[in-house]
Amino acid sequence: MVRERLISLDVFRGLTILLMTIVNNPGDWGNVYPPLLHAQWNGCTPTDLVFPFFIFIMGVAVPLAMPYKKYDETTFNKILIRSLRMFCLGIFFNFFGKIQLFGLDGVLLLIARLIITFAVGYALMGNFSNRLKNIFAFSILAIYLVLAYGGFENYADVRLPGVLQRIAVVYFVVSLLYLKTSRKTQLITGIILLFGYWAVMTLIPVPGFGEANLEKGTNLAAWVDSAFLKGHMYHETKTWDPEGILSTLPSIVNGIIGLFIGQILLLNVTKIQKAQRMGMIGTSLIFFGLMWDLVFPINKSIWTSSYVIYTTGLATVCLTVLYYIIDIREYKKGFKLFIIWGVNPMIVFFASQIIPQALVMIRFQHPSLAGEQINLLDYLYRFGIAPFFSNPMTASLAGALTYVGIWTFILWIFYRNKLIFKV
């Protein structure tokens with residue numbers, strides 16, 4: 001079995017992370033086109049597809065990266081350390097804005113934070129021996145936990161869950177499932193997780209709130225978060241976390257379905273037959289997801305089972321279309337931009353979370369309001385982009401696209417020089 005890079009998967013990954021960058025970096029959060037915002041509760045916008053698409057893509061990539069199943073101590077260690085490195089990278093985003101050092105303030109504190117960021121990023125993405133990777137990953141995780149639970153005031157409310165943290169957990173579980181079980185066992189595991197989560201969320205009473213419910217902040221997933229993550233949850237929700245403990249369980253199925261698609265792509269059949277099977281699976285999943293939505297609403301915040309089925313169905317259809325165009329019809333013109341983004345997602349994930357926080361720390365006198373200060377991020381948008389647009393939502397989108405343009409240039413340089421950053 002020849003291991004070759006699947007260009008359509010790189011393109012799909014690039015499209016997804018590019019959309020993520022647009023969604024996460026509007027010029028003005030008060031003026032954003034609705035499709036670029038998450039659904040307020042039930043429902044699904046294009047923005048709500050980004051996260052489950054990432055998990056699905058990761059699931060597809062697992063069998064493609066390991067076409068020959070070989071489980072041993074070395075393989076397990078690689079999976080564990082990669083998961084820990086992703087997990088630690090994700091947590092660092094939440095620590096960055098809270099780092100205090102020797103009483104430093106202003107620009108000096110920013111420089112110190114950026115030096116620490118570089119050190120952590122290098123330790124978690126650098127190409128070291130397995131022994132050093134182990135030491136760095138476990139040491140950094142231990143430091144996080146000591147700071148979060150050691151009585152340090154600055155870190156008493158630092159958030160511990162997050163997007164990369166959930167991806168790391170799913171990667172660990174899905175990789176072991178792939179290596180240690182058959183497709184039948186993987187299917188059964190996925191079904192148990194989906195129906196088990198549905199039963200838990202709709203049948204078990206919520207301590208302190210009464211009957212089972214699916215409302216914001218009073219459902220069982222929220223109660224589990226408040227019980228085990230108290231003080232360390234998303235600052236806007238406070239009493240629960242959108243990447244919390246219980247809601248991580250069904251997200252594993254996004255990865256499992258990705259596993260199935262990845263294994264289909266490894267089958268010894270024609271590419272057309274692979275595309276046909278993927279298309280049938282994708283459309284079926286969309287249908288069943290919409291049907292399940294009638295009794296268990298599609299909801300990203302609590303990651304309902306219908307949301308899993310629906311989003312993985314859409315992801316499968318999207319990959320099928322790209323696979324047909326790029327890998328079957330061999331039409332590759334116009335996709336270079338997405339390939340450049342798709343082969344280097346981790347550096348974008350990491351640095352694009354840090355850069356806006358760093359720009360906000362740089363403050364100076366507001367040019368038109370006496371006695372007021374403005375941070376560099378707002379200044380660049382208010383005086384460099386917004387004046388050119390009459391529609392504030394269009395201006396906000398232009399701010400996001402400007403950021404994308406800057407990253408495209410950076411990623412192009414990395415691509416030309418064959419620099420790929422991995423955990």
Side-chain angles (χ1 to χ4, degrees), residues 16 35 38-60 166-167 169-170 173-174 177 183-206 209 211-225 240-261 264 277-321:
T16 304
H38 291 292
Q40 291 190 357
W41 190 241
N42 293 333
C44 185
T45 72
T47 298
D48 293 315
L49 299 177
V50 173
F51 195 0
F53 276 19
F54 270 125
I55 298 178
F56 169 83
I57 290 167
M58 179 202 65
V60 175
R166 175 169 285 182
I167 292 175
V169 171
V170 176
V173 174
V174 164
L177 272 175
R183 278 180 287 181
K184 180 179 179 180
T185 301
Q186 294 159 21
L187 176 62
I188 293 172
T189 301
I191 291 172
I192 290 173
L193 285 172
L194 290 181
F195 281 95
Y197 186 65
W198 165 76
V200 164
M201 291 292 287
T202 58
L203 300 177
I204 297 179
V206 183
F209 293 100
E211 293 183 359
N213 71 89
L214 301 175
E215 300 304 315
K216 189 180 296 185
T218 62
N219 58 74
L220 190 63
W223 178 83
V224 171
D225 290 342
W240 59 279
D241 198 287
E243 280 82 54
I245 297 171
L246 191 59
S247 60
T248 294
L249 295 178
S251 71
I252 293 171
V253 186
N254 291 80
I256 291 175
I257 295 174
L259 269 186
F260 271 87
I261 300 303
I264 287 174
R277 295 184 189 187
M278 290 162 60
M280 289 177 61
I281 291 172
T283 52
S284 299
L285 288 171
I286 292 171
F287 173 78
F288 286 118
L290 292 173
M291 291 302 100
W292 208 346
D293 172 60
L294 299 175
V295 293
F296 195 26
I298 291 172
N299 185 303
K300 175 191 177 293
S301 294
I302 52 176
W303 213 278
T304 54
S305 303
S306 57
Y307 174 72
V308 172
I309 297 298
Y310 177 67
T311 55
T312 48
L314 288 174
T316 303
V317 169
C318 287
L319 180 58
T320 303
V321 172

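In what follows, residues are counted from 1 in the order of the sequence shown.
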Item to check | Phe53 vs Cys318, side-chain contact (heavy atoms from CB on, under 4.5 Å): CA-CA, chis, key distance, verdict | outcome: CA-CA 10 Å; Phe53 276 19; Cys318 287; 4.3 Å; yes
Checklist entry - What's the verdict on side-chain contact (heavy atoms from CB on, under 4.5 Å) for Val60 and Leu259, showing C-alpha distance, side-chain angles and the deciding distance? => result CA-CA 5 Å; Val60 175; Leu259 269 186; over 6 Å; no
Could you measure the distance from the [atom1] atom of [X] to the [atom2] atom of [Y]? Nearest 0.5 Å is fine.
X      : Y      : atom1 : atom2 : answer
Ile55  : Ile257 : CD1   : CD1   : 11.0 Å
Trp41  : Ser301 : CH2   : OG    : 5.0 Å
Glu211 : Thr202 : CD    : OG1   : 12.0 Å
Leu220 : Ile302 : CG    : CD1   : 10.5 Å
Leu49  : Lys300 : CG    : NZ    : 11.0 Å

Checklist entry - Thr283: what forms a side chain to side chain donor-acceptor pair (under 3.5 Å) with it, not counting sequence neighbours? => result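 Partners of Thr283 by the side chain to side chain donor-acceptor pair (under 3.5 Å) criterion come out as none, since no residue qualifies.
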Checklist entry - Among Ile309, Thr311, Leu314, Ile281, which residue meets the side chain to side chain contact (heavy atoms under 4.5 Å, CB included) test with Ile286? => result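 Only one of Ile309, Thr311, Leu314, Ile281 forms a side chain to side chain contact (heavy atoms under 4.5 Å, CB included) with Ile286, namely Leu314.
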Residue pair [X] / [Y], side-chain heavy-atom distance below 4.5 Å:
X      : Y      : answer
Leu246 : Leu249 : yes
Val308 : Pro52  : no
Cys44  : Tyr310 : yes
Thr189 : Ile256 : yes
Leu193 : Trp198 : no
Thr304 : Met201 : no

Do you know which two heavy atoms are closest between [X] and [Y], and how far apart they sit?
X      : Y      : result
Ser251 : Arg166 : OG-CD, 3.6 Å
Pro35  : Pro46  : O-CD, 3.7 Å
Ser306 : Asp293 : CB-N, 3.7 Å
Thr218 : Ala222 : N-CB, 4.3 Å
Val169 : Thr248 : CG1-CG2, 4.1 Å
Trp303 : Tyr197 : O-CE2, 3.4 Å

Checklist entry - With distance as the sole test, does Thr316 use its side chain to make a donor-acceptor pair with the main-chain N or O of Gly282 at under 3.5 Å? => result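 No; judged by distance alone, with no hydrogens or angles, the pair does not exist.
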Can you see whether [X] engages [Y] through a side-chain donor-acceptor pair at a distance of less than 3.5 angstrom?
X      : Y      : answer
Asn219 : Asn213 : no
Asn254 : Thr312 : no
Asp48  : Thr45  : yes

Next on the checklist: For Trp292 together with Tyr307, are the ring centres under 6.0 Å from each other?
Outcome noted: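 No, the ring centres sit 6.0 Å or more apart.
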Checklist entry - Checking side-chain contact (heavy atoms from CB on, under 4.5 Å) for the pair Asn42/Ile298: CA distance, chi angles, key distance, verdict? => result CA-CA 6 Å; Asn42 293 333; Ile298 291 172; over 6 Å; no
Item to check | With Asp241 via salt bridge (charged side-chain N to carboxylate O under 4.0 Å, His left out) - residues at least two apart | outcome: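 By the salt bridge (charged side-chain N to carboxylate O under 4.0 Å, His left out) rule, Asp241 matches Arg159.
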Item to check | More than 12 heavy atoms of other groups within 6.0 Å of Met280 CE | outcome: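 Count not over threshold, so no.
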Next on the checklist: Run Phe51 and Thr16 through side-chain contact (heavy atoms from CB on, under 4.5 Å) and show every step you take.
Outcome noted: CA-CA 9 Å; Phe51 195 0; Thr16 304; over 6 Å; no
